[in-house]
Enquirer: 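Could you have a look at this structure, given as structure tokens, before my questions?
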Amino acid sequence: MNTSHKTAGVLILGIGNVLLGDEGIGVHIVERLQEATLPDGVECLDGGTGSFLLLEPMQQATRVILVDATVDGAPAGTVRRLRPRFSREYPRTLTAHDIGLKDLLDAFYMLGQPADVTLFAVSIDPLQDLSVELSPEVNAIVPEVAQAILAEAACPERASASASS
């Protein structure tokens, strides 16, 4: 990809390890979104377990919407929409990623990128068996989260909204 210019688009980036059940929720949601008709200028990317290779597509986007699992003590399937200003304000995620989401965001911000990042954090139970399937609680929220992300991506004024539940 060419990093010399930004595309005029929104990048929806799903993070997670699909071999670890609910930890792969970000990837499962991006797969769901890829089956839908996306608004013009919106791209979905399976970010897998994270990598600094994700910096390039993030830099090309004007807005980034991340989807990832979090272990925050909330019931599995709880979804929070967050727009923190600094990576240290992001919720704790599992360590199954190659690099942490916070590390990726720190690098993104250090490169002078505007902080137009929204995170959909999905609470999961940290104690799970190896599985490529989502738990019933988390699987049940996939359609709702996918719709919320599509609405976020299609609505420019949401970019300036503050964090909400």
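These figures come from a predicted structure and were not determined experimentally. All residue numbers in this chain count up from 1 along the given sequence.
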Enquirer: How many angstroms lie between atom CG of Leu20 and atom CG of Asp129, to the nearest 0.5 angstrom?
Expert: 11.0 Å
Enquirer: Say you draw a straight line from CD1 of Ile29 to CD of Gln147; how long is it, rounded to the nearest 0.5 Å?
Expert: 11.5 Å
Enquirer: Same hydrophobic cluster for Val18 and Val71, using side-chain heavy-atom links shorter than 4.5 Å among ILVMFWY?
Expert: no
Enquirer: Could you please spell out the steps behind the side-chain contact (heavy atoms from CB on, under 4.5 Å) verdict for Ile149 and Val67?
Expert: CA-CA 9 Å; Ile149 290 169; Val67 190; 3.2 Å; yes
Enquirer: Tell me, with the steps shown, if Val142 and Ile25 meet side-chain contact (heavy atoms from CB on, under 4.5 Å).
Expert: CA-CA 8 Å; Val142 169; Ile25 186 63; 3.7 Å; yes
Enquirer: Do you know the tightest heavy-atom contact between Val138 and Ala76?
Expert: CG2-CB, 4.2 Å
Enquirer: Just wondering, do Ile141 and Glu137 contact through their side chains at under 4.5 Å, heavy atoms?
Expert: no
Enquirer: Given Ser123, which of Asp22, Asp72, Thr70 fulfils the side chain to side chain donor-acceptor pair (under 3.5 Å) condition?
Expert: Asp72
Enquirer: side-chain contact (heavy atoms from CB on, under 4.5 Å) for Leu45 and Val30? Distances and angles first, verdict last.
Expert: CA-CA 7 Å; Leu45 180 62; Val30 162; 5.8 Å; no
Enquirer: Do we see a donor-acceptor contact under 3.5 Å between the side chains of Ser131 and Glu133?
Expert: no
Enquirer: When rounded to the nearest 0.5 angstrom, what distance separates CG in Leu130 from CG in Leu19?
Expert: 7.5 Å
Enquirer: Considering non-hydrogen atoms only, spot the tightest contact between Leu150 and Ala36 and give its length.
Expert: CD1-CB, 4.4 Å
Enquirer: Quick one: are Thr118 and Glu152 in side-chain contact, heavy atoms under 4.5 Å?
Expert: yes
Enquirer: Quick one, Asp68 and Val122 - any side-chain contact, counting heavy atoms below 4.5 Å?
Expert: no
Enquirer: Look only at the side chain of Thr62 and the backbone of Gly9, and say whether a donor-acceptor pair between them is shorter than 3.5 Å.
Expert: yes
Enquirer: Could you tell me whether the side chain of Glu43 and the main chain of Leu11 form a donor-acceptor pair under 3.5 Å?
Expert: no
Enquirer: Do the side chains of Leu119 and Val27 join up, straight or via other hydrophobic residues, at under 4.5 Å, putting them in one cluster?
Expert: no
Enquirer: Set out, in order, the CA-CA distance, both residues' side-chain angles and the distance that settles side-chain contact (heavy atoms from CB on, under 4.5 Å) for Val117 and Leu66, then state yes or no.
Expert: CA-CA 7 Å; Val117 176; Leu66 297 164; 3.6 Å; yes
Enquirer: Which pairs count as side-chain hydrogen bond (donor to acceptor under 3.5 Å, both in side chains) when at least one residue sits in residues 27-37, sequence neighbours excluded?
Expert: none
Enquirer: Any idea which heavy atoms bring Ala153 and Ile12 closest together, and the distance?
Expert: CB-CD1, 4.2 Å
Enquirer: What distance do Leu134 atom CG and Ile124 atom CD1 have between them, rounded to the nearest 0.5 Å?
Expert: 9.5 Å
Enquirer: Measure the CG-SG distance between Leu38 and Cys44 for me, rounded to the nearest 0.5 Å.
Expert: 4.5 Å
